Amino acid sequence: MSFYEKSNIAMLVVTGGTYAWYFASSADALFGGSVTPEVALAMTNLKMLVTVGIIIAASIAAHIAIAIAAPSEANGDADERDKLVEMRGGQRGGFVLAVFALAAMASAMTAQPYYLIANLILGGLVASELVKGVSKLVDYRRGV
Amino acid sequence: MPGFLERMNRAVALGTILALGWYLIRVVPQVTSWPLDEVSWKGEMVIAVVVFVATLIADIVRAAISNRNELDEAGVVDDERDHAAERRGDAWGGHAMHGTAFVALMLLVLEFDPFWAANTLFVGAMLAGLVSTLVKILTYRGSV
């Protein structure tokens, strides 16, 4: 398993885990109507910042661990296969993000609360990264 | 002599520029002279999106209904170069779309009017589509 493949798995786990927590813990505020829109926006804004911090810290730690486990692989450049897998993943993730962006535009047009539009965009970014990660994982395993 | 898919990409680029240009000509003068509440943009955005999507669908239908001989004569080739151009262009467009979504998310987090988020997403998505198409054309020309 190459450095880039391990890195992809690490990012998939970190992103999936972090945003699973984010959306699970924010679901009530987002869809339950338990708090006012202003409180929901402030709450999700704070959590978004926390998730960014978690992802940066966890990805640095994961990449250091991967590099320590196999130092020779960490210095290698991405080969043609890595680049192809990356492009295919980016292509698929981009389509998913475009669909969410269209939904967010429609939400803004219909005057939905700020926090719903913001979380729709965030959901799109996360879904896009997850689709990209899964696509890369499948391509690495099955071959391209 | 450009191939069928390359010409199709050029047509999509032209459709994008026309739809985006028309929208900006209609909306930007209003933004600079009237309050946001009085700016008419939702209808224009829907029309621009519909025109853009119709252009895409027309191109796809045109490609789909052509029989194999016509496609061969027109230079349609499902070869590696087409795949590489598609993947590279879509991946670049995906990166541009990620940047756009992130900016729109920040605007909402900072509580700018949803008008700005919707327009950032719309203009950004059109530009991302344009980036994608231009990268495909450049790949065909051998510049990328």
Side-chain angles (χ1 to χ4, degrees), chain A residues 37-38 40-49 51-52 80-129 131-132 135-136 139 144, chain B residues 23 36-37 40-46 48-50 52-53 56 80 83-129 131-132 135-136 139 144:
Chain A
E38 292 77 19
L41 181 66
M43 205 170 97
T44 52
N45 282 356
L46 181 66
K47 276 190 188 173
M48 272 182 215
L49 286 176
T51 57
V52 171
E80 277 306 309
R81 179 169 168 257
D82 293 318
K83 288 176 188 167
L84 182 59
V85 166
E86 179 70 30
M87 274 196 289
R88 282 167 64 104
Q91 188 181 25
R92 290 163 182 161
F95 293 144
V96 172
L97 182 57
V99 172
F100 274 85
L102 204 59
M105 270 162 54
S107 301
M109 281 181 184
T110 52
Q112 299 299 317
Y114 282 49
Y115 72 93
L116 272 184
I117 309 170
N119 277 280
L120 200 50
I121 296 172
L122 180 68
L125 285 165
V126 173
S128 153
E129 282 305 309
V131 166
K132 182 181 172 181
S135 163
K136 286 165 71 176
D139 281 349
V144 286
Chain B
Y23 176 81
L36 282 186
D37 292 346
S40 163
W41 61 279
K42 293 173 185 172
E44 282 80 354
M45 190 179 280
V46 170
V49 169
V50 168
F52 177 65
V53 171
L56 281 181
E80 267 312 302
H83 290 281
E86 280 294 312
R87 276 193 295 262
R88 183 167 288 145
D90 290 341
W92 277 71
H95 296 322
M97 198 60 229
H98 270 82
T100 296
F102 184 74
V103 172
L105 180 60
M106 285 303 106
L107 289 173
L108 287 162
V109 165
L110 297 171
E111 299 189 49
F112 278 80
D113 193 287
F115 167 87
W116 294 112
N119 278 277
T120 300
L121 285 172
F122 172 70
V123 175
M126 297 295 260
L127 291 178
V131 165
S132 169
V135 170
K136 287 174 192 174
T139 304
V144 176

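Just so we're clear, the structure is a prediction, and the values are computed from it rather than from any experiment.
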Side-chain heavy-atom pair A/Asp139, A/Arg81 within 4.5 angstrom cut-off
no
Sub-4.5 Å side-chain heavy-atom contact between A/Arg92 and A/Lys132:
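A side-chain contact under 4.5 Å is absent here.
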Portion of A/Tyr115 that has a non-hydrogen atom of chain B nearer than 4.5 angstrom
neither
Side chain, backbone, both or neither of A/Ile117 within contact of chain B (heavy atoms, under 4.5 Å):
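Contact with chain B involves both backbone and side-chain atoms of A/Ile117.
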In terms of side-chain heavy atoms, does A/Tyr114 have a donor or acceptor partner in A/Asn45 at a distance below 3.5 Å?
no
Go through it in stages, so that I can follow the logic: the residues are B/Asp90 and B/Lys136, the test is salt bridge (Lys or Arg N to Asp or Glu O under 4.0 Å), and I'd like the CA-CA distance, side-chain angles, deciding distance and then a yes or no.
CA-CA 8 Å; B/Asp90 290 341; B/Lys136 287 174 192 174; 3.1 Å; yes
Side chain from CB out, backbone as N, CA, C, O: work out which of these in [X] comes under 4.5 Å of a heavy atom of chain A, or both, or neither.
X        : result
B/Ala104 : both
B/Phe112 : backbone
B/Ala101 : both

With sequence neighbours excluded, what pairs up with B/Val50 under the side-chain contact (heavy atoms from CB on, under 4.5 Å) test?
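Here the qualifying residues are B/Val46.
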Interface residue of largest heavy-atom contact number with chain B, from A/Leu41, A/Leu102, A/Val96, A/Asn119, under 4.5 Å:
A/Leu41
